[in-house]
Amino acid sequence: MLDPQLLRNDIKQVSRALSKRDMKLDVDVIQKLEEKRKIFQIETEELQALRNSKSKLIGQLMSKDEDAQATIDEVTKIKISLDEIVSELNVVQSNLNDIYFRIPNIPHESVPRGKTEEDNEEVKIWSTPKSYDFVPKDHVDLGEALGLIDFDAATKISSTRFVVMHRGIAKLHRAIIQFMLDTHINEHDYDEINVPYLVNVDSCIGTGQLPKFEEDLFQIKEHSLYLIPTAEVPVTNIVRDEIINNDQLPKKFVCHSPCFRSEAGSYGKDTRGMIRQHQFEKVEMVQLVKPETSYAVLEELVSHAEDILQKLELPYRVVTLCGGELGFSAAKTYDIEVWLPSQNKYREISSCSNFEDFQARRMKARWRNPETNKPELLHTLNGSGLAVGRTLIAIMENYQNKDGSITIPNILRPYMGHKSVISS
RNA sequence: GGAGAGGUGGCAGAGUGGUCGAAUGCACUGGUCUUGAAAACCAGCGGUCCUUUAUCGGUCCCGUGGGUUCGAAUCCCACCCUCUCCGCCA
């Protein structure tokens with residue numbers, strides 16, 4: 001959520017800033033509601049104050065055995081008009097909240113203008129794709145030929161957009177997770193954390209998945225719980241409704257979890273293979289930091305994700321998302337894209353975002369600033385480090401051999417029983 | 001799933017209809033004292049929102065949401081959560 005003060009005092013500026021997202025704010029509606037809100041709220045609080053003082057008076061009169069009936073009648077009247085005005089205030093307030101919770105974050109000034117992927121700004125390219133003396137296959141052909149990936153079985157036992165992996169590939173998948181966790185814990189100083197995969201409504205509102213994007217989530221209706229679309233949701237919500245001490249910051253968490261996404265609205269997109277699944281696994285980095293450090297931390301987060309790709313020796317590039325591509329809660333996002341030989345292009349494998357205080361305000365996640373001794377909003381950030389399924393794909397495709405076997409990247413060999421090749 | 005107990009400030013823990021946003025203790029912050037520290041003593045010490053340049057002032061918050069009442073932490077209803085015992089179980 002944006003700062004309501006800002007929305008009140010300078011909605012024109014907010015509206016201008018949001019135009020970068022190609023999004024239009026209904027300034028008039030908000031301003032009219034705010035005007036009403038102010039009138040109703042002031043009147044409500046005045047009436048409440050009056051009621052409170054008169055009621056106290058009644059108590060005093062009665063304890064002195066004096067007649068209080070006139071005052072009681074007075075308060076009864078106050079109560080009637082109070083009830084009316086409160087219900088009007090509630091309507092206005094909930095209208096405003098409905099609007100406010102659906103307004104996306106303001107893009108950082110460094111975010112490029114634009115609508116589509118084409119408008120993202122390339123900031124870095126690392127390494128160059130290998131050339132092959134044969135036509136490289138995609139991970140589906142490779143996996144099925146090896147007999148180690150089975151989409152048909154997954155469809156039978158579940159539905160489309162799921163996968164079954166066997167032996168060498170299943171093990172490689174697991175090795176990737178261990179390697180990523182170990183690297184972030186031992187070299188990047190994150191705390192390992194394990195969290196619930198089902199979360200409540202408040203958590204989803206806190207990080208911004210609700211109320212606007214309910215159709216993207218899998219829901220367990222009987223229990224009012226949602227399957228997490230990313231570990232960001234449970235991990236970030238750890239600090240919801242908390243006031244963190246200065247000396248506890250920054251909080252750095254790394255979390256491996258499955259992620260569940262309905263992929264509503266992406267029918268027909270990436271239907272082949274493991275690129276876009278209803279269930280996939282991810283190692284997620286989450287940081288909760290003091291505001292003044294958050295942009296430096298964003299760069300750090302990207303470098304941590306990059307480190308994984310560099311250790312795996314996978315070619316990649318980094319792009320800054322343009323305003324139109326930016327996620328709802330993010331102020332700035334870098335995507336890291338890995339090279340996929342079969343598609344002859346870079347595909348997203350990590351997304352690192354600074355949410356500034358947008359999520360923190362929704363979550364009431366604060367820290368105590370020793371300078372003011374007051375609670376102030378935290379900044380929240382997260383980044384994939386990395387998407388496991390897509391890393392698996394990237395390894396299979398980039399490390400494939402002419403005979404269809406897969407060479408295991410050096411760094412993963414200790415996790416693979418020191419084997420060097422996966423074959424059928 | 002069955003039976004019981006309970007949810008109050010950072011923690012512990014009083015408070016069962018009126019001046020209670022809430023005693024007291026601990027923790028914390030500042031001060032006195034001390035060569036320094038500890039102890040002792042003194043003082044301060046929740047959050048929210050509105051109004052305001054700011055102060056001042058006011059609202060709301062005792063698990064959550066309703067209700068009763070002139071007035072609710074306190075009474076009523078529903079829900080959520082925690083703990084103990086029993087059952088079941090990875």
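As a basis for the values below, the full set of heavy atoms in this structure was taken, side chains included, without hydrogen atoms, waters or symmetry mates. Proteins get letters first, then strands, A, B, ... in listed order; numbering begins at 1 in each.
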A/H304 vs A/Y190, ring pair (Phe, Tyr, Trp, His ring centres under 6.0 Å): CA-CA, chis, key distance, verdict
CA-CA 10 Å; A/H304 293 157; A/Y190 286 81; 5.3 Å; yes

Hey, can you pull the donor-acceptor pairs under 3.5 Å for the side chains in residues 319-328 of chain A, sequence neighbours left out?
none

How about CD on A/E117, more than 12 heavy atoms from neighbouring residues, nucleotides or ligands closer than 6.0 Å, or not?
no

Against the side chain of A/E45, the closest entry in B/G58, B/U51, B/G18 is B/G58

With P as the reference atom in both, quote the distance from B/U59 to B/C20 in angstrom, rounded to an integer.
15 Å

Ignoring backbone atoms, establish whether A/Q5 has a side-chain N or O less than 4.0 Å from OP1 or OP2 of B/C50.
yes

With a 4.0 Å cutoff (strictly under), does any side-chain N or O of A/R51 reach OP1 or OP2 of B/C60?
yes

Of A/A49 and A/K374, the one whose closest RNA chain B nucleotide lies more 5'
A/K374

What integer distance in Å separates A/D202:CG from B/C80:P?
15 Å

Same-atom distance (P) from B/U16 to B/U32, integer angstrom:
42 Å

Pairwise P distance, B/C79 and B/G9 [rounded to whole Å]
24 Å

Nearest to the A/K38 side chain among B/C70, B/C60, B/U52, which nucleotide is it?
B/U52

Counting heavy atoms not belonging to A/E109, are there more than 12 under 6.0 Å from its CD?
no

Answer with yes or no after comparing the ring centroid distance for A/F218 and A/H278 against a 6.0 Å cut-off, counting only values under it.
yes

Counter-base of B/C85, judged by Watson-Crick or G-U geometry with both distances under 3.5 Å:
B/G2

Pairing partner of B/A23, by Watson-Crick or G-U wobble and under 3.5 Å for both distances, is none

Pick the nucleotide of RNA chain B nearest each of A/E46 and A/M62; which residue has the one closer to the 5' end?
A/M62

Categorize A/Q60 for me: base, sugar-phosphate, or nothing, with a 4.0 angstrom heavy-atom threshold over every strand shown.
base

A/I42 has an atom CD1; how far is it from atom C1' of B/C60, in whole Å?
16 Å

Going by purine N1 to pyrimidine N3 plus the second Watson-Crick contact, or the G-U wobble pair, all under 3.5 Å, which nucleotide sits opposite B/A37?
none

Rounded to whole Å, NZ of A/K56 lies from C1' of B/U59 at a distance of 13 Å

Who is the Watson-Crick or G-U wobble partner of B/G65, with both distances under 3.5 Å?
B/C77

Let me know the distance between CG of A/L50 and C1' of B/G57, rounded to the nearest Å.
15 Å

Of B/G18, B/U51, B/C49, the nucleotide closest to the side chain of A/R37 is B/U51

Nucleotide opposite B/U29 in a Watson-Crick or G-U pair, distances under 3.5 Å:
B/A43

Interatomic distance where CD belongs to A/Q48 and C1' belongs to B/C49 [whole Å]
11 Å

Do any side-chain nitrogens or oxygens of A/N52 fall under 4.0 Å of OP1 or OP2 in B/C60?
yes

Salt bridge (Lys or Arg N to Asp or Glu O under 4.0 Å) with A/E34: of A/K38, A/K32, A/R37, only one passes, and it is A/R37

So if I take every side-chain heavy atom of A/Q41 and compare against B/G71, B/G47, B/C49, which nucleotide ends up nearest?
B/C49

Pairwise C1' distance for B/U35 and B/G44, with rounding to whole Å
28 Å

Take atom CG of A/L82 and atom C1' of B/U59, then tell me their distance rounded to the nearest Å.
11 Å

How are the rings of A/H188 and A/H184 set to each other: parallel, tilted or perpendicular (split at 30° and 60°)?
tilted

Could you work out the separation of B/A73 and B/G6 based on their C1' atoms and round it to a whole Å?
15 Å

Taking atom C1' in both B/C45 and B/A27, compute the distance separating them and give it to the nearest angstrom.
11 Å

So which nucleotide from B/U51, B/U48, B/C70 ends up closest to the side chain of A/R8?
B/U51

Separation of B/C49 P from A/N9 CG (nearest whole Å):
14 Å

When all nucleic acid strands are considered with a 4.0 Å heavy-atom cut-off, which category describes A/I58: base, sugar-phosphate, or nothing?
base

Between A/I243 (CD1) and B/G9 (C1'), how many Å, whole number?
11 Å

Contact under 4.0 Å: A/R368 side-chain N or O vs B/G47 OP1/OP2:
yes

Hey, does A/E242 reach any base, or is it just sugar-phosphate, or nothing, if we go heavy atoms under 4.0 Å?
nothing

Residues A/K54, A/E74: salt bridge by 4.0 Å N-O rule:
yes

Please state the C1' separation for the pair B/G13 and B/C49 - nearest whole angstrom.
30 Å

Please give the nucleotide sitting opposite B/U52 as a Watson-Crick or G-U wobble pair, both distances under 3.5 Å, or none.
none

What integer number of Å spans the P atoms of B/G58 and B/U74?
24 Å

